[in-house]
There are 2 protein chains.
Amino acid sequence: MSNSQPVFSVAQCPHRLLLDQIADKWSVLILGALCEKPLRFNVIKRQLEGITQKALTQSLRRLQRNGIVERRVIATSPVAVEYEITPLGRTLKEPFQALYNWTMTYLPEVERARLAFDLEINDLREAYQPTA
Amino acid sequence: MSNSQPVFSVAQCPHRLLLDQIADKWSVLILGALCEKPLRFNVIKRQLEGITQKALTQSLRRLQRNGIVERRVIATSPVAVEYEITPLGRTLKEPFQALYNWTMTYLPEVERARLAFDLEINDLREAYQPTA
DNA sequence: CAGTATCCTCTGAGATACTG
DNA sequence: CAGTATCTCAGAGGATACTG
């Protein structure tokens, strides 16, 4: 988005790192939960109502691989596993907050645009098939 | 990511708006290109080497629906279509820049984490099957 | 409890061909 | 030029069952 810079090819685009690996559907929510304090697997699962075990495992593994969360096994019986956000993970708060703020500020404007767009589409449809 | 706030259910999560509709794979690149000046369909297509017509059409239509870009038909022969970023679209520059800066700053650290993680995985594999 | 393994569905990305 | 239409195919994601 910066002016007078070359456009990145997709493969190299640094945004992809964030978008694909860290800022995806579930990860933002997981990080939001872990931001306050470390949590165990099923606690996260309960907080993110709707996520499957598979999806949670995958997201957590990916975040761990990227150094965003830390996985710690507690040798009780049955075993407990705690996930904690890393210092690196905490640095995400600023850019995510910027995104969040944008959405809060401009969501109404976006919704107006959608309404207008969809209306226009319907008008065109009606003009094409006047009596349905 | 903000402290002491309720975790959003997925459907309501305002991040989804951005992540799904505006900050996806191609849209960020398209906006990067349009940020400088309005461009025509095939010019964008050429700049984003690798995108298909279908994907470009879909992304542009979605951005248009959300009020991020404007589509303007120029009645020449053959017809020309120009896409321009809207004022609303320009407000995305700040949050996107924050994301971009994060990636630039922390990419090396993320890559170190990945290397360490992948190494550890391989070590475990070797320990399990000592002679492959 | 915290996963892994398996199956199954179904979207959605890509290639190709056609059109005003 | 700027799309639409159609087909195929891989893979993401869900449901279910099993395990240390």
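Throughout, a chain's letter reflects where its sequence line sits, starting with A, and its residues are numbered from 1. Keep in mind that the numbers below use all heavy atoms, side chains included, and drop hydrogens, waters and symmetry copies.
Comparing C/dA13, C/dG14, C/dG3 by their closest approach to the side chain of B/Thr52 singles out C/dG14. For B/Val81, taking side-chain heavy atoms from C-beta onward, the closest of the listed nucleotides D/dA2, D/dC1, C/dC1 is D/dA2. The side chain of A/Thr57 lies closest to C/dG3, out of C/dC1, D/dT4, C/dG3. Here D/dC1 is the nucleotide among C/dA13, D/dC1, C/dT4 with the atom lying nearest to any side-chain atom of B/Arg46. Taking the side chain of B/Tyr83 as heavy atoms from C-beta on, and the options D/dG3, C/dC1, C/dG3, the nearest nucleotide is D/dG3.
At a threshold of 4.0 angstrom between heavy atoms, the contacts of B/Arg62 with the nucleic acid are absent. At the heavy-atom level, B/Gln58 lies under 4.0 Å from the strands shown only through sugar-phosphate atoms.
Partners of B/Glu109 by side chain to side chain donor-acceptor pair (under 3.5 Å), not counting sequence neighbours: none found. When the salt bridge (Lys or Arg N to Asp or Glu O under 4.0 Å) test is applied to A/Glu94, no partner is found at least two apart in sequence or on another chain. Residues that satisfy the ring-ring contact (aromatic ring centres under 6.0 Å, His included) test with A/Tyr83, not counting sequence neighbours, are absent from this structure. Every residue meeting the side chain to side chain donor-acceptor pair (under 3.5 Å) condition with B/Arg114, not counting sequence neighbours, appears here in chain and number order: A/Asn66. By the side chain to side chain donor-acceptor pair (under 3.5 Å) test, B/Gln53 is found to be paired with no residue, residues two or more places apart in sequence or in another chain being considered. For the salt bridge (Lys or Arg N to Asp or Glu O under 4.0 Å) test, no residue two or more places apart in sequence or in another chain qualifies with B/Arg71.
Here D/dG13 presents its P atom at 11 Å from CG of A/Asp20, a figure rounded to the nearest Å. The distance between atom NZ of A/Lys25 and atom P of C/dT11, rounded to the nearest whole Å, is 14 Å. When the C1' atom of C/dA2 is taken as reference, atom NZ of A/Lys45 falls 11 Å away, rounded to whole Å. Remark: P of C/dG3 and CG of A/Leu39 are 13 Å apart, rounded to the nearest angstrom. Between the CG atom of A/Leu60 and the C1' atom of C/dT4 there is a distance of 15 Å, given to the nearest Å. Atom CD1 in A/Ile51 sits about 8 Å away from atom P in D/dG14, given to the nearest Å. Separating the CZ atom of A/Phe41 from the P atom of C/dC1 is a distance of 11 Å, rounded to the nearest angstrom. What separates CD of B/Glu82 from P of D/dC1 is a distance of 15 Å, to the nearest Å.
For the OP1/OP2 pair of D/dG3 and a distance below 4.0 Å, the side-chain nitrogens and oxygens of B/Arg71 include at least one atom meeting the criterion. A close approach under 4.0 Å does occur between a side-chain nitrogen or oxygen of B/Arg40 and OP1 or OP2 of D/dA2. Listed pair B/Arg72 / D/dA2 fails the phosphate criterion, with no side-chain N or O lying under 4.0 Å from OP1 or OP2.
Shortest non-hydrogen contact noted between A/Leu34 and A/Ile85 is O-CG2, 3.9 Å. In this structure, A/Ile51 and A/Ala55 approach most closely via the heavy-atom pair CG1-CB, 3.8 Å.
Sorted by first then second residue, the salt bridge (Lys or Arg N to Asp or Glu O under 4.0 Å) pairs that include residues 50-64 of chain A, not counting sequence neighbours, are A/Asp24-A/Arg62.
Clustering ILVMFWY residues whenever any of their side-chain heavy atoms sit less than 4.5 angstrom apart, transitively, puts B/Val73 in the very cluster that holds B/Leu56.
Each of A/Ala55 and A/Val79 was matched to the nucleotide of DNA chain D holding its nearest heavy atom; the match closer to the 5' end belongs to A/Ala55.
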Show me the protein contacts with nucleotides 5-12 of chain D, counting only N or O atoms at under 3.5 Å.
none

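For DNA chain C, runs of at least 3 consecutive pairs of the Watson-Crick or G-U wobble type, with both hydrogen-bonding distances under 3.5 angstrom, map to C:1-20 with D:1-20.
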